[in-house]
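Below: one structure, written as structure tokens.
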Amino acid sequence: MRNTSNTSHRREVAVLRAPGADRSRGLELRDQLAACEVSMAVLVPEPQGKAGADSAYDDEPLPRSIAHGDSASYDAVVLLGDTEPWLAADQHARRFVEAAYRQGKPIGALDQREDIAIATLAGIVDNTESGLRDDEGIITQPDPAGSTSAFTQRLLGALDRQRTRTEQ
């Protein structure tokens, strides 16, 4: 899966990892992106009564709090796990996703039912559910237990399309 075209070089994807998300899927995504020279930052909810990321999320890359994040710093956003309750309650996370969408960045939803992911995103970006598909830069995984590899390839394709638009 090595990217020889170098079109995704120096790209970084923000992964908003919901509490309870399958960490192995995040690590799998990280490895697949790294093979294509795309780095990944993990952003998590601000823990109650604590500044910074929860030590329970102790993996590589070290998660950072979404409260201190800015989507302008990233080339794409991936929602990992059941992010619906988090996004409903956390204005920082909602603004992060909305800003990324408004900036034309690809938004992916991994390990979520496609209908729930689309409905959640439609509510955040004020768009109809039928308007949120691959051609809009929205990458979903119809089967939450499906291949991370197929999802990653679709995300990389969206990144390449986004890069082409910004270079024109």
Side-chain angles (χ1 to χ4, degrees), residues 1 8 11-33 36 38 40-47 54 56-57 59 63-67 69-72 74-165:
M1 172 171 1
S8 295
R11 293 289 183 138
E12 186 171 31
V13 173
V15 175
L16 279 61
R17 188 177 64 204
D22 183 350
R23 290 175 57 184
S24 67
R25 296 287 272 190
L27 295 173
E28 192 178 341
L29 177 63
R30 178 203 62 195
D31 293 345
Q32 291 170 5
L33 290 172
C36 296
V38 177
M40 180 176 110
V42 177
L43 303 175
V44 295
E46 184 82 44
D54 186 335
Y57 292 106
D59 61 3
R64 300 181 289 236
S65 169
I66 187 71
D70 177 11
S71 63
Y74 302 98
D75 299 293
V77 174
V78 172
L79 307 175
L80 178 61
D82 183 13
T83 56
E84 182 183 26
W86 172 20
L87 293 172
D90 187 333
Q91 290 302 309
H92 293 290
R94 290 178 66 83
R95 282 193 297 270
F96 188 96
V97 172
E98 180 182 21
Y101 178 80
R102 299 277 175 240
Q103 294 161 0
K105 297 180 180 187
I107 310 284
L110 182 61
D111 282 359
Q112 295 185 58
R113 281 190 17 220
E114 184 177 39
D115 58 335
I116 292 174
I118 294 292
T120 300
L121 288 170
I124 292 172
V125 301
D126 196 28
N127 194 339
T128 64
E129 292 179 29
S130 63
L132 298 177
R133 297 290 180 248
D134 274 9
D135 58 342
E136 282 284 313
I138 304 298
I139 311 302
T140 59
Q141 184 183 26
D143 175 10
S147 169
T148 302
S149 179
F151 174 85
T152 303
Q153 288 305 310
R154 291 175 55 220
L155 180 65
L156 290 167
L159 273 170
D160 287 341
R161 287 189 300 277
Q162 189 257 350
R163 172 173 230 147
T164 302
R165 283 193 301 268

Chi angles and distances behind the side-chain contact (heavy atoms from CB on, under 4.5 Å) call for Leu87, Leu79: CA-CA 10 Å; Leu87 293 172; Leu79 307 175; 4.0 Å; yes

Inter-residue atom distance [X].[atom1] - [Y].[atom2], 0.5 Å rounding:
| X | Y | atom1 | atom2 | answer |
| --- | --- | --- | --- | --- |
| Leu29 | Phe151 | CG | CZ | 6.5 Å |
| Arg94 | Thr120 | CZ | OG1 | 9.0 Å |
| Leu33 | Glu12 | CG | CD | 10.5 Å |
| Thr140 | Ile118 | OG1 | CD1 | 5.0 Å |
| Arg161 | Leu156 | CZ | CG | 10.5 Å |
| Ile124 | Ile107 | CD1 | CD1 | 9.0 Å |

Is a donor on one side and an acceptor on the other found under 3.5 Å between the side chain of [X] and the backbone of [Y]?
| X | Y | answer |
| --- | --- | --- |
| Lys105 | Tyr74 | yes |
| Gln141 | Asp111 | yes |
| Arg11 | Asp160 | no |

Residue list, side-chain contact (heavy atoms from CB on, under 4.5 Å) with Asp31, at least two apart or on another chain: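 Asp31 satisfies side-chain contact (heavy atoms from CB on, under 4.5 Å) with no other residue.
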
Test item: Val77 and Tyr101 side chains (from C-beta on) under 4.5 Å apart, heavy atoms: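 They are not in side-chain contact.
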
Within-4.5 Å side-chain heavy-atom neighbours: Arg23 and Arg17: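 SC-SC contact between Arg23 and Arg17 confirmed.
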
Minimum heavy-atom separation for [X] to [Y], with atom names?
| X | Y | result |
| --- | --- | --- |
| Leu80 | Asp22 | CD2-O, 4.2 Å |
| Asp90 | Pro45 | OD2-CA, 4.5 Å |
| Phe96 | Asp70 | CE1-C, 3.5 Å |
| Trp86 | Leu43 | CH2-O, 3.6 Å |

Any residue meeting side chain to side chain donor-acceptor pair (under 3.5 Å) with Ser71, in chain and number order, not counting sequence neighbours: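 For Ser71 there are no side chain to side chain donor-acceptor pair (under 3.5 Å) partners, ignoring immediate neighbours.
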
Asp82: partners by salt bridge (charged side-chain N to carboxylate O under 4.0 Å, His left out), with sequence neighbours left out: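 Testing Asp82 for salt bridge (charged side-chain N to carboxylate O under 4.0 Å, His left out), a comparison that skips the adjacent residues, returns none.
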
